[in-house]
Amino acid sequence: DSAKSYLAKTSPAETVEERIHYYFLVGNYTQVVALARTHSAKTEGYETWYRIGQAYEFLGVADTALSYYQRVVKAEPLRHSYRIKYANLLMQTSQMDRAKAEFQFVLKEQPWQLDALNGMGLWCLVNFEIDQAETYLNRALGYDPTYEPAMINLAKVYIGRNEKKKAKEQ
């Protein structure tokens with residue numbers, strides 16, 4: 001493995017970001033976090049912050065993951081995939097108003113963005129806005145009828161309404 005060989009020949013202090021990317025790609029999230037903690041001043045790129053945030057999220061440290069995602073969103077406000085990841089974690093940590101604002105920001109810019117439509121659909125479902133949830137999820141499926149996350153969440157809408165036949169069709 002050429003990346004591993006390259007990193008073995010260099011100082012960790014000189015190749016912090018490269019090491020973070022490498023350890024993230026091989027699934028060693030503990031090492032990603034360890035590097036971030038010991039060399040935080042040398043982690044300047046938004047992609048590196050995103051990888052660190054993901055590592056913290058995968059390790060179950062949501063608050064720290066959120067702080068890294070927030071840095072990414074602030075640095076790259078129009079990178080919608082990062083903003084959606086941030087919104088999803090906000091929702092998982094019960095920061096519902098903030099999550100909604102992030103999904104709505106993306107949908108204002110890209111009304112066809114499937115992950116944001118699904119995220120808003122799920123947000124509405126969790127907040128008992130069932131009709132609105134159905135609307136968002138159907139919009140997502142209108143753009144891509146095979147988009148599984150929206151299909152699953154739409155089935156949840158139908159289950160919540162006790163429409164079992166419709167739920168099975170999803």
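Not measured: the values here are computed from a predicted model.
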Item to complete: Take the angle between the ring planes of Y29 and F58 and call it parallel below 30°, perpendicular above 60°, tilted in between.
Response: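 Tilted: the ring planes of Y29 and F58 meet at 30° to 60°.
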Discussion item. Using 30° and 60° as the class boundaries, would you call the ring planes of Y69 and Y86 parallel, tilted or perpendicular?
Written reply: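 Y69 and Y86: perpendicular rings.
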Can any side-chain N or O of [X] pair as donor or acceptor with the backbone N or O of [Y] at less than 3.5 Å?
X    : Y    : answer
W123 : M96  : yes
D144 : T146 : yes
S67  : T64  : yes

To the nearest 0.5 Å, what is the distance between [atom1] ([X]) and [atom2] ([Y])?
X    : Y    : atom1 : atom2 : answer
R19  : T48  : CZ    : OG1   : 13.5 Å
L154 : L141 : CG    : CG    : 6.0 Å
I20  : R51  : CD1   : CZ    : 11.0 Å
L122 : N127 : CG    : CG    : 9.5 Å
Q132 : C124 : CD    : SG    : 5.0 Å

Discussion item. For a quick check under 3.5 Å, do Q110 and H80 share a side-chain donor-acceptor pair by atom type?
Written reply: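 Side-chain D/A pair, Q110 to H80: present.
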Under 4.5 Å between any side-chain heavy atoms of [X] and [Y], yes or no?
X    : Y    : result
Q113 : I84  : yes
Y143 : L117 : yes
N118 : Y136 : no
V157 : R161 : yes

Item to complete: Scan W49, Y50, F105 and name whichever one has a ring pair (Phe, Tyr, Trp, His ring centres under 6.0 Å) with Y82.
Response: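 The single option meeting the ring pair (Phe, Tyr, Trp, His ring centres under 6.0 Å) with Y82 is Y50.
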Worksheet entry | Within residues 77-92 or reaching into it, pairs that qualify as salt bridge (Lys or Arg N to Asp or Glu O under 4.0 Å) - sequence neighbours excluded |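 Residue pairs passing salt bridge (Lys or Arg N to Asp or Glu O under 4.0 Å), neighbours aside: E57-K85, E76-R79, R83-E102.
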Worksheet item: So, for F103 and G119, which heavy atoms are closest and what is the spacing to 0.1 Å?
Response: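 For F103 versus G119, the nearest heavy atoms are CZ-CA, 3.5 Å.
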Worksheet entry | Heavy-atom closest pair, residues N153 and L125 |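 Looks like O-CD2, 4.0 Å.
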